[in-house]
Structures are given as C-alpha cells and as structure tokens.
Amino acid sequence: MKKVAVNRFVIFWMCVLGAVCVSAAKRVITVEGDLKATELPLLGNGLMGFIPSEDGLGTQRTYSAGVHEPGNASSVSKIRPVMSPFALSTSFAGLKAERRTLDMDRAAFTTVLANNEVRITATQRSLRGLPCVSMLEVEVEALADVDGEFVDRAAIASKDSIISSSKRVSNEGKYRKMMRRELRYGGGAEVVASTSAILCGEGSEAVSADTVKVALRKGQRTSFCIITSICSGADYSDPWQESERQVLFAVREGRDRLVARHEKLWDELWQSDVTVDGNDELQTAVTTAIYHLYSSVRAGSRRSIAPVGQSGQGYNGHIFWDADTWMLPVIAVLHPELARSMVDFRVDGLPAARKRAQGMGYEGAMFPWEADPNGEESTPTYALTGSMEQHITACVANGAWLYFCTTGDIDWLRDEGFPLMKECADFWLSRVERNDDGSYSIKNVVGADEYAIGVDDNAFTNGAAKAALTHTREAAERLGITPDSRWSEVADNLKFHYFDDGTMREHATYDGAQIKQSDVTLLGYPLGVITDAKELLKNINYYDSKLDLKHGPAMSHGVMAVTLARNGRPEEAAKALDRAFQPNVRGPFMVLAETATNNRTYFLTGAGAMLQGIIFGYAGLDITPSGLSQVKTSLPASVKKITVHTPRGTFTR
C-alpha cells in the first residue's frame, strides 16, 4: 500500500476502511483502494446535482432543482429524481476500484477501475458553465490485447419508466447519433427530457447512439466522452428541443473548451475561500463544506438552497430557515452574487406569503416553514411546524437585512428588501398579544427546539421578531422613510422568561427538558439581542447539557463556538466547533449527515453552521450596516492562523 502523509482524521478512516489509503491536499481528497459502502460527494452546479455511483461510471441519484412532483391528496410537493446523465455498463468484468479522487478545485470526481485486461479512468463533472449539462470522460488503457464495449443505459432511482429513442441529427453536413430520453411525472403532465452524445477518440467507436466499442493492443489507450443535457418543463417551454440544442452546442465547443470554462468558473468561486493554518483536519472540513455550498447555488437563478440541496430528497427539497439563518451569512460574505439568488427567492415568494398571512387571519406576509419552488407552504400536515414554526418570517426579514449589510446595495433595499421587511414587520404587529404589564407575547408557536410544541414566548421566536422589527426600522431610516413607531414599541417590549439564577428559559414554561437545539444561545449570535458576556456564557453552560446529541442537528454547537470565541474562551470554542461537525462526518470524503445517528446527506445546513463558527467565531468577522468588520477573538492552540478571503477584502486572525 502506498504511503502518504495523513492527519488524525485520515488515520481514523484508514482504520475503518482497512486496506485503504487516504490523502487530503488542500482541495483534493484521494482514496486509494476498493472503497465500499461509503458516502460519495455531490457534483453540482446549483441547478443539476448528482452523487456518483460506486463504480464511477454512472450516478446513484440525480436531481434538477426545478423538478418537483406536484402535491396531491396524499402527499406534498417534493423534489424528485430525474434520469442519470450517464449510466455505463461494460463488458469488462471483475473491475475493482484502485483510486477515487474528489478534486474540489475543478469540481471533478475521478474513479480508476482495473482488472487484468484494462485500467479505466472515469471523470464526472456537472458543468458550471452549462447548468443543464453533465459530462463523463472515460479513458481506457489496455493491459493486454482487448476488445470490449460500453453501453449507456439511463437509470432513475424510482419506479418511473423512461422512454428512450435514438436519433440522427444532420449538422454541418454530417449526421450525429444521439440518444433522446423522456421522463414524465405529475400524472404525466410534467416532463424531463435528456439528450446525450458520445465523442470518441482513436481506438474507440460509437457504433450506436448509446454504445461504444474499443479495440486496443497492449499498451494502447483510447478515450471517449458522454455529454448529456437534462432539461425540464419547469425551466423550458420546450425541454425536448432545448436539451438537443445544448448538446449540439456542447459538442461544437468540444471537450477542452467545456472543461476550461468549467474550471475557470470554479477558479473564480475559489477566489473567496477560508484558509486554516496548523490544522489539516479542520482545513479539509472547511474546504469540503464550502465546496458543497458552492455546488448548490448559482447566481441569477432566483433559487435558494434546501437542507440537502440537490444531493437527495431529504426534506422534500423545500426551503427552510436553514437557508436564511445558516447558509446565507456564509455565502453573503464569500459570494454576495450567490446570496442574491437566495434573497431573490424570498422576494419572489412575497405574494404567496401575503396570501398565507391572510389565510391565517394576520396582516403583512407570513412566510412558509417549508417553501416549494413557488414559495407556497409545503410542510406535511403530520408536522405542526407548518402552521406553528413562525419564526421563519423573522428569519427571512433578517436575511434580507444581512444581504443589504454585506453589499450596501441601497437600490435593492429600496426596491425589494425594505418592502419585504416591512410586510414581515406588519405580520409581527398583528401576531403579538399585549399583556397587562405592557409587554408583548407571541403565543402558541414552535421554536428552533421542535420538541416543544405550542409554547408561549419561545426565546428564539421572540428574539428573531425583535431583531426583524429593529432591522426594519433601521432600513426605513437608511431610506429616509419615517418608521412605524409600533416597530420599536413591540421590539422593545417582547417578553422573555428567566430562571431564578438569570438563565433565560427556552419558553414561558420550560422546565429543563431535553431540547433538539438551543433557542436561547441564538439570542447572542446571530441575533445580537443579548450582548452581556456573563449572560451569554451562563446560557451556553446551561443549555449545552440539555442538547440531544444523538438525534439533534449540530447547528447549536456552531453558534456556541462563535459566542465562545468572541468572549475569550478559544479552547471551549474549539470543543464546540468539533462537536458541530465531527460526529456527523460520513466517509473519507467528509460528507456531512444531519445528525450523529442518521445518514441524511449532504446536510448543507450543518456545513453553514460549522463555517459560521470559523468565519464569525475564530476569524471574528462581523456583518454590520457599514459592511464587514472584525471583532476581537482568540484562536485555540490547534489553529495557528485563519484567513478569510472575500470580495470586500482579506481578513486574518
């Protein structure tokens, strides 16, 4: 077995995987040996995403962000799988994996397979420059004189049938063989269409639209490439012809230009990055988290990010507070143009939110807990969160303010941001109830701790509403608009409940029960409702022991790390940060699961929380109305230096 330099995390995986060798450069993870039953990473471009198959010649599951099965009498709207862009079978038997490499610099996944006759190298990409197009490059090296074939059979992880047909297209005086595949869903009313073309090098031949034959002497090599465009009726009025046009364009561009454009766009994304000196494990975790976030959103799309993006059907592909609270702050700092798409999604959802508020008897806009692509509420009815987890409306408003603070785009604030924030504020004015002592309560809600149903004065709900009302007043003042005096009246008098020792309660009747995640600790960072260091640390010390470490998500520890790092507790911050991701890592490619005990991956919410611990905790970045600044923090002994590269400058601690 080849020897490589490894860190503590890598040694752990070598023990688990046996005769497998793992190396992790800054943005490259390589696994040598035949790796079975592990989570593989996402390849995505913000529209099309897929998880490679174990043999690297196809995909385990493939999703397009716009393709959602409509809701019906027995089920809510949900993202659904589409056909694989490639699913090769081969006549070469007994192949075993020698190596797998995730190159995050180039957003490419390469698998090397071999038997006694051939060595096959397969590289997959979800092209950044052509968001509907995926590409598989296959190189065959003959270890003996060989004849064989590869056949592409589109597959889908469901019971749906795919209609396949070959087609000859006349172009530039030549005929090209292409495969057309069609998938219908939504009772047959909706369609996804794909078109594939094969480009062959010397020594290989496309004998049909889906079959490649190779004939090589020992020592010879050949290669071929499959280019597939998958278009849906959600994005195009004529997905059949559009998929064909895109493939013809891609073929005309050629492999080299497609790859060069893809790599150039990824190089531009990586201009914003986070560097960790002195801790290889943490650097790899940070890089894979950023890579997966970048893979899940694209500028100008007016789409946000679901908890697992396009990596699976977790949470039905809906948009939650996960996007506004956990992912948006990181993306806004690193790439504001990507964050713009996320807030655009909320702006587009404003009409549906108005209608929802009216339907619930409130004013303004009430955003859905689980939003489908149209911004409609799509929470399954067995979950009371759909009607009761109303802090989402404050999270949306706070996300809009955060976007403005990172960009300073006053025109956007005037035209889109403030109108959204104002309608969220109007909702809270109609939602609160005035108490006899002049305070205000928000009753019968579910907070971030979803174990507590129908409680009054949930700490995070009240804190998020307070922040949203305050930010709406600040936005009005920025624009020269007279604020509604009720925004400050309610914000200043929302009710919070405390134990006798001054620890804030999760809600009015909280008695110390186990919690899914901590509402109270969020009132320091990111809400800024609590600023006193002693109170912040008191709350963390209390609620850290109440968290459900088996079944709860790890986001609480990410924000605890921020607060601890900002209040002179670097070693405690390091422990919290480790707990924010280490128990949830699956496999050597550092795929994140939602909790320590489930395998719902790739959990982008957790990636956002962990990165917030690094960016806003260790590095001390702060988002203010004047832009990015840096507060005083202390690094733990395990980290020598943190550098955050952003479009607004480089910040080092």
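If you're wondering where the values come from, they're calculated on a predicted model, not measured in any experiment. Values below: all heavy atoms of this structure, side chains included; hydrogens, waters and symmetry mates excluded.
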**Complete:** Heavy-atom closest pair (G399 atom, V343 atom, distance to 0.1 Å) is O-CG1, 4.1 Å
**Message:** Which heavy atom of Y185 sits nearest to which heavy atom of V192, and what is that distance?
**Reply:** CE2-CG2, 3.7 Å
**Asked** Salt bridge or not for E433 and K495, using N-O below 4.0 Å?
**Response** no
**Fill in**
For residues 67-76, the side chain to side chain donor-acceptor pair (under 3.5 Å) pairs (sequence neighbours left out) are E69-R80, N72-S74, S75-K78
**Prompt:** Got a sec: does the OH of Y498 have more than 12 other heavy atoms crowding it under 6.0 Å?
**Reply:** yes
**I305 vs M342 side-chain heavy atoms within contact, under 4.5 Å** = yes
**Prompt:** Can V330 and I615 be said to form a side chain to side chain contact (heavy atoms under 4.5 Å, CB included), step by step?
**Reply:** CA-CA 8 Å; V330 172; I615 294 171; 4.0 Å; yes
**Item:** Whether Q313 side chain and I79 backbone form a donor-acceptor pair below 3.5 Å
**Value:** yes
**Request:** Spell out, as yes or no, whether a donor-acceptor pair under 3.5 Å connects the side chain of S556 to the backbone of S518.
**Result:** yes
**Request:** Would you please test I51 and S311 for side chain to side chain contact (heavy atoms under 4.5 Å, CB included) and show each step?
**Result:** CA-CA 7 Å; I51 306 297; S311 69; 4.0 Å; yes
**Prompt:** Shortest non-hydrogen contact from F616 to P329?
**Reply:** CZ-O, 3.7 Å
**Request:** Run the salt-bridge test on R431 and D426 with the 4.0 Å N-O cut-off and return the result as yes or no.
**Result:** no
**Request:** Go through the side-chain N and O atoms of N45 and S126 and say whether any donor and acceptor fall under 3.5 Å apart.
**Result:** yes
**Item:** Smallest separation among heavy atoms of E423 and R354, with atom names
**Value:** OE2-NE, 2.7 Å
**Message:** Suppose the criterion is ring pair (Phe, Tyr, Trp, His ring centres under 6.0 Å): which pairs have a residue in residues 346-367, not counting sequence neighbours?
**Reply:** Y362-F427
**Prompt:** With no hydrogens and no angle check, do the side chains of H557 and D544 hold a donor and an acceptor under 3.5 Å apart?
**Reply:** yes
**Prompt:** OG of S194 to CG of L183: how many Å apart, nearest 0.5 Å?
**Reply:** 9.0 Å
**Message:** ring-ring contact (aromatic ring centres under 6.0 Å, His included) for W487 and W428? Distances and angles first, verdict last.
**Reply:** CA-CA 9 Å; W487 298 340; W428 291 116; over 10 Å; no
**Request:** Using a cut-off of 6.0 Å, state whether more than 12 heavy atoms not belonging to E363 lie near its atom CD.
**Result:** no
**Which residues share a ring pair (Phe, Tyr, Trp, His ring centres under 6.0 Å) with F320, sequence neighbours left out** = Y315, W369
**Message:** A side-chain contact here means heavy atoms from C-beta on lying under 4.5 Å apart; do F345 and I319 qualify?
**Reply:** yes
**Request:** Drop me the distance from F603's CZ to H292's NE2, to the nearest 0.5 angstrom.
**Result:** 14.0 Å
**Request:** Kindly say whether R128 contributes a backbone atom to a donor-acceptor pair with the side chain of R298 at under 3.5 angstrom?
**Result:** yes
**Prompt:** Distance-only, no hydrogens or angles: does the T601 side chain make a donor-acceptor pair with backbone N or O of V591 under 3.5 Å?
**Reply:** no
**Message:** With heavy-atom distances below 4.5 Å as the criterion, would you say the side chains of L547 and M560 are in contact?
**Reply:** yes
**Request:** Can you measure from CG (N539) to CG (L522) and round to the nearest 0.5 angstrom?
**Result:** 11.0 Å
**Request:** For S243 and S229, test the side chains for any donor-to-acceptor distance below 3.5 angstrom and give the result as yes or no.
**Result:** no
Using atom types as modelled, flag every donor-acceptor pair under 3.5 Å from a side chain in residues 443-450 to any protein atom, sequence neighbours excluded.
from: D449; atom 1: OD1; to: Y451; atom 2: N; distance (Å): 3.1
from: D449; atom 1: OD1; to: K516; atom 2: N; distance (Å): 2.9
from: E450; atom 1: OE1; to: K516; atom 2: NZ; distance (Å): 2.7

**Message:** Filter on salt bridge (charged side-chain N to carboxylate O under 4.0 Å, His left out), then keep only pairs touching residues 364-387, sequence neighbours left out; what's left?
**Reply:** R356-E377
**Request:** Show your reasoning for whether side chain to side chain contact (heavy atoms under 4.5 Å, CB included) applies to Y602 and F589.
**Result:** CA-CA 11 Å; Y602 183 98; F589 294 105; over 6 Å; no
**Asked** Is any side-chain heavy atom of L47 less than 4.5 Å from a side-chain heavy atom of S301?
**Response** no
**Message:** Walk me through whether Y236 and Q246 qualify under side chain to side chain donor-acceptor pair (under 3.5 Å).
**Reply:** CA-CA 12 Å; Y236 298 99; Q246 291 191 12; 3.2 Å; yes
**Prompt:** Does CZ belonging to R486 count more than 12 external heavy atoms closer than 6.0 Å?
**Reply:** no
**Item:** Atom NZ of K546 with >12 non-hydrogen neighbours under 6.0 angstrom
**Value:** yes
**Item:** 4.5 Å side-chain heavy-atom contact, I515 and Y543
**Value:** yes
**Complete:** Here the gap from M48 atom CE to L130 atom CG, rounded to the nearest 0.5 Å, amounts to 11.5 Å
**Prompt:** Ignoring hydrogens and geometry, is there a side-chain-to-backbone donor-acceptor pair from H335 to E337 under 3.5 Å?
**Reply:** no
**Request:** Please answer whether the main-chain N or O of G58 pairs with a side-chain N or O of S53 as donor and acceptor at a distance below 3.5 Å.
**Result:** yes
**Request:** Sequence neighbours left out, what pairs pass salt bridge (charged side-chain N to carboxylate O under 4.0 Å, His left out) with at least one residue falling in residues 592-605?
**Result:** E594-R600
**Request:** Fit a plane to each ring of F404 and W401, take the angle between them on a 0 to 90° scale, and name the class: parallel (under 30°), tilted (30 to 60°) or perpendicular (over 60°).
**Result:** tilted
**Message:** Is the terminal nitrogen or CZ of R505 (NZ for Lys, CZ for Arg) located under 6.0 angstrom from the six-membered ring centre of F499 and within 45° of that ring's axis?
**Reply:** yes
**Request:** Check P307 against D322 and note the closest heavy-atom contact, atom names and distance.
**Result:** CG-OD2, 3.8 Å
**Prompt:** Please walk me through it: do E182 and R180 pass salt bridge (Lys or Arg N to Asp or Glu O under 4.0 Å)?
**Reply:** CA-CA 7 Å; E182 179 183 304; R180 166 73 63 75; over 6 Å; no
**Prompt:** Would a 4.5 Å heavy-atom cut-off, applied to side chains only, mark P380 and N316 as touching?
**Reply:** yes
**Message:** Using side chain to side chain contact (heavy atoms under 4.5 Å, CB included), reason through Q60 and L40 one step at a time and then give a plain yes or no.
**Reply:** CA-CA 9 Å; Q60 297 180 42; L40 296 178; 3.8 Å; yes
**Message:** Do S134 and I230 have side chains that approach each other closer than 4.5 Å (heavy atoms only, starting at C-beta)?
**Reply:** no
**Message:** If I take atom CD1 from residue I453 and atom OG1 from residue T385, how far apart are they, to the nearest 0.5 angstrom?
**Reply:** 7.5 Å
**Asked** Is a donor on one side and an acceptor on the other found under 3.5 Å between the side chain of T595 and the backbone of N598?
**Response** yes
**Fill in**
Smallest heavy-atom separation, I392 atom then P368 atom, equals CG1-O, 3.5 Å
**Message:** Does any part of the side chain of Q390, heavy atoms only, come nearer than 4.5 Å to the side chain of T461, both counted from C-beta?
**Reply:** no
**Asked** Which distance, rounded to the nearest 0.5 Å, do you find between the OH of Y510 and the OG1 of T503?
**Response** 10.5 Å
**Message:** I'd like to know if the side chain of Y291 reaches the main chain of L42, judged simply by a donor and an acceptor atom lying under 3.5 Å from each other, with no hydrogens or angles considered.
**Reply:** yes
**Request:** Go through the side-chain N and O atoms of N458 and D519 and say whether any donor and acceptor fall under 3.5 Å apart.
**Result:** yes
**Asked** Any sub-3.5 Å donor-acceptor pair from T228's side-chain atoms to P85's backbone N or O?
**Response** yes
